[in-house]
Student: 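Below is a structure I'd like to ask you about.
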Amino acid sequence: MHHGTTITQFIAEEQRHAPGATGQFTALLNDIVTACKMISNQVNHGALIGALGSAGSENVQGETQKKLDVLSNQMFIQCTEWSGHVGALASEEMDEIYEIPKAYPRGRYLLTFDPLDGSSNIDVNVSVGTIFSILRMADTDGDATERDFLKAGTEQVAAGYALYGPSTMMVLTTGNGVNGFTLDQNIGEFILTHPNMTIPTDTAEFAINASNGRFWEAPVKRYVDECLVGKEGPRGKDFNMRWIASMVAEVHRILTRGGVFMYPMDSKMAEKGQGGKLRLLYEANPMSFVVEQAGGASITGKQRIMEMQPEGLHQRVPVILGSRNEVERLQGYHNEG
Ligand SMILES: O=P(O)(O)OC[C@H]1O[C@](O)(COP(=O)(O)O)[C@@H](O)[C@@H]1O
Ligand SMILES: [Mg+2]
Ligand SMILES: [Mg+2]
């Protein structure tokens, strides 16, 4: 595919080679593209349309919802529920699964999404994003249930994210590598600008919220300490650090120049009986699919994230992902205990 290809052309071309393609998948991806364009527009207008600040409500995790969390969630539903390509939706911002109203035809796919990622950055005008994942429904006759969504990451048929930054981008995988598209505001279309994105296997850049340092487990403490000691230490090289507090922006940086991103388990979360910070279905699985398809790796510290059997719609897990050799080193430190 050459530069200048639109995302619609790209998706259609990919599906032309997919055995048994019905066009439903292509159409669903295009509905998601439309939703991200609408969210990008809202995010860009921010204070001009009163879209900043809190919505005055909480999500199932007890987090205060931002207005744009709620607005983006509504736009995703609005763009995907009517078209007959999805059987049900699940979102970080909705306690239960969203069943497609009987007025609309139902489709054979399930859609999970984090409508607005990096919510703490909205009011300070730092990059935020949207994360999504598509699964296939086993039985399309009956109504979808929560159980239908509890599939391992390896069963995803597509995943990706939109990044609302200096430019708006979409990054997508359908299991044939990873491609990035930039929104041309003049024509309102995403154009292929980053074909075949791959993550360098080595890196000298790590990302973690250091304010949680005193709660980290020994393997992560050891890893970060060694990075901070730099070339005088066992790593023999200096490391740089970044923390944007928007997972989408961190992963995009890693897809662009390598790195390792960690939101590991820690004693503070363990005390609260929390399995991690980030959500398995809406954040960890889709980002792991993208990262692995770009040649990187993604683990919890105990196992490969994509092989986890989800136990609940809003399950949270530790996440360590990025440049393969660093992730494998961290896995080694965890194995040593
Ligand atoms: O506030 P912290 O501890 O830095 O956490 C930041 C992390 O939380 C998140 O904002 C969670 O996602 P949401 O904004 O979708 O809730 C991630 O994007 C980010 O990596
Ligand atoms: Mg998020
Ligand atoms: Mg979110």
Side-chain angles (χ1 to χ4, degrees), residues 35-36 39-40 42-43 51-55 57-77 89-95 111-133 159-165 171 206-216 220 224 241-255 259-269 272 274-288 290-291 298 300 305 313-322:
C36 292
I39 297 170
S40 170
Q42 294 283 321
V43 169
L52 302 187
S54 163
S57 51
E58 281 190 358
N59 66 17
V60 66
Q61 315 277 11
E63 294 163 338
T64 304
Q65 291 177 309
K66 297 282 185 175
K67 285 184 190 163
L68 273 166
D69 284 324
V70 176
L71 270 173
S72 307
N73 194 63
Q74 283 160 359
M75 279 171 206
F76 239 78
I77 294 172
L89 311 174
S91 162
E92 178 197 334
E93 301 303 339
M94 298 190 290
D95 299 13
L111 177 60
T112 71
F113 57 100
D114 174 357
L116 216 285
D117 179 64
S119 304
S120 68
N121 280 327
I122 295 169
D123 296 350
V124 293
N125 201 16
V126 169
S127 298
V128 293
T130 294
I131 309 172
F132 60 89
S133 165
Y161 60 81
L163 176 62
Y164 314 118
V171 171
F206 69 96
I208 194 165
N209 182 341
S211 68
N212 297 322
R214 64 193 182 284
F215 306 116
W216 292 334
V220 170
V224 173
M241 198 206 100
R242 286 284 182 272
W243 187 249
I244 303 172
S246 289
M247 184 189 195
V248 171
E250 317 273 10
V251 170
H252 192 71
R253 182 189 61 247
I254 289 170
L255 278 164
V260 59
F261 165 84
M262 299 168 268
Y263 214 117
M265 190 56 194
D266 69 34
S267 56
K268 188 172 66 176
M269 291 191 274
K272 286 190 280 181
Q274 218 175 293
K277 162 87 178 188
L278 301 169
R279 278 58 59 149
L280 180 57
L281 294 191
Y282 317 112
E283 295 163 322
N285 267 343
M287 289 307 206
S288 298
V290 170
V291 163
S298 181
T300 62
I305 287 178
L313 215 48
H314 297 286
Q315 180 181 356
R316 310 168 100 170
V317 294
V319 175
I320 295 170
L321 59 76

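Every number for a ligand or one of its atoms is a count from 1 in the order of the listing. We number each residue from 1, following the sequence as shown. Quick caveat, the model's predicted, so the values are computed rather than measured.
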Student: Report yes if Phe261 has an N/O atom closer than 3.5 Å to an N/O atom of ligand 1; otherwise report no.
Tutor: no
Student: Check the orientation of Phe261 and Trp243. Use parallel for under 30°, tilted for 30 to 60°, and perpendicular for over 60°.
Tutor: parallel
Student: What is the name of the N/O/S atom in Asp114 that sits closest to the Mg ion (ligand 2)?
Tutor: OD2
Student: So among Glu63, Gln65, His314, which one has a side-chain contact (heavy atoms from CB on, under 4.5 Å) with Glu92?
Tutor: Glu63
Student: If the cut-off is 2.8 Å, does any N/O/S atom of Gly118 fall short of it from the Mg ion (ligand 3)?
Tutor: no
Student: Do you see an N/O/S atom of Glu92, backbone or side chain, under 2.8 Å from the Mg ion (ligand 2)?
Tutor: no
Student: Check whether any heavy atom of Ile244 sits under 4.0 Å from an atom of ligand 1.
Tutor: no
Student: Looking only at protein heavy atoms, identify the closest one to atom 15 (O) of ligand 1 and say how far it is in Å.
Tutor: Asp114 OD2, 2.9 Å
Student: So which heavy atom in the protein is nearest atom 20 (O) of ligand 1, and how far is it from that ligand atom?
Tutor: Met247 N, 3.3 Å
Student: Is the His252 ring parallel, tilted or perpendicular to the Tyr161 ring (thresholds 30°, 60°)?
Tutor: perpendicular
Student: Nearest non-hydrogen contact with atom 16 (O) of ligand 1 belongs to which option: Glu250, Gln61, Lys277, Arg279?
Tutor: Arg279
Student: Under a heavy-atom criterion of less than 4.0 Å, does Gly118 contact ligand 1?
Tutor: yes
Student: Looking at atom 2 (P) of ligand 1, what's its closest protein heavy atom, distance included?
Tutor: Asn209 ND2, 3.7 Å
Student: Any luck finding a side-chain donor-acceptor pair between Asn121 and Ser246 under 3.5 Å?
Tutor: yes
Student: Decide whether an N or O pair under 3.5 Å exists between Ser246 and ligand 1.
Tutor: no
Student: Among the N, O or S atoms of Glu283, which one sits nearest to the Mg ion (ligand 2)?
Tutor: OE2
Student: Measure the distance from atom 3 (O) of ligand 1 to every protein heavy atom, then report the residue, atom name and distance (to 0.1 Å) of the closest one.
Tutor: Tyr263 OH, 2.5 Å
Student: Does Trp243 come within less than 4.0 Å of ligand 1, judged by its heavy atoms?
Tutor: yes
Student: Would you name the N/O/S atom of Asp117 that lies closest to the Mg ion (ligand 2)?
Tutor: OD1
Student: Would you call Lys66-Asp123 a salt bridge at under 4.0 Å N-O?
Tutor: yes
Student: Are any of the N/O atoms in Val248 less than 3.5 Å from those in ligand 1?
Tutor: no
Student: Of the backbone atoms (N, CA, C, O) and the side-chain heavy atoms from C-beta on, which set of Leu116 has a member under 4.0 Å from an atom of ligand 1: side chain, backbone, both, or neither?
Tutor: backbone
Student: Geometry only, no angles: is Glu283 polar-contacting ligand 1 at N/O separations under 3.5 Å?
Tutor: yes
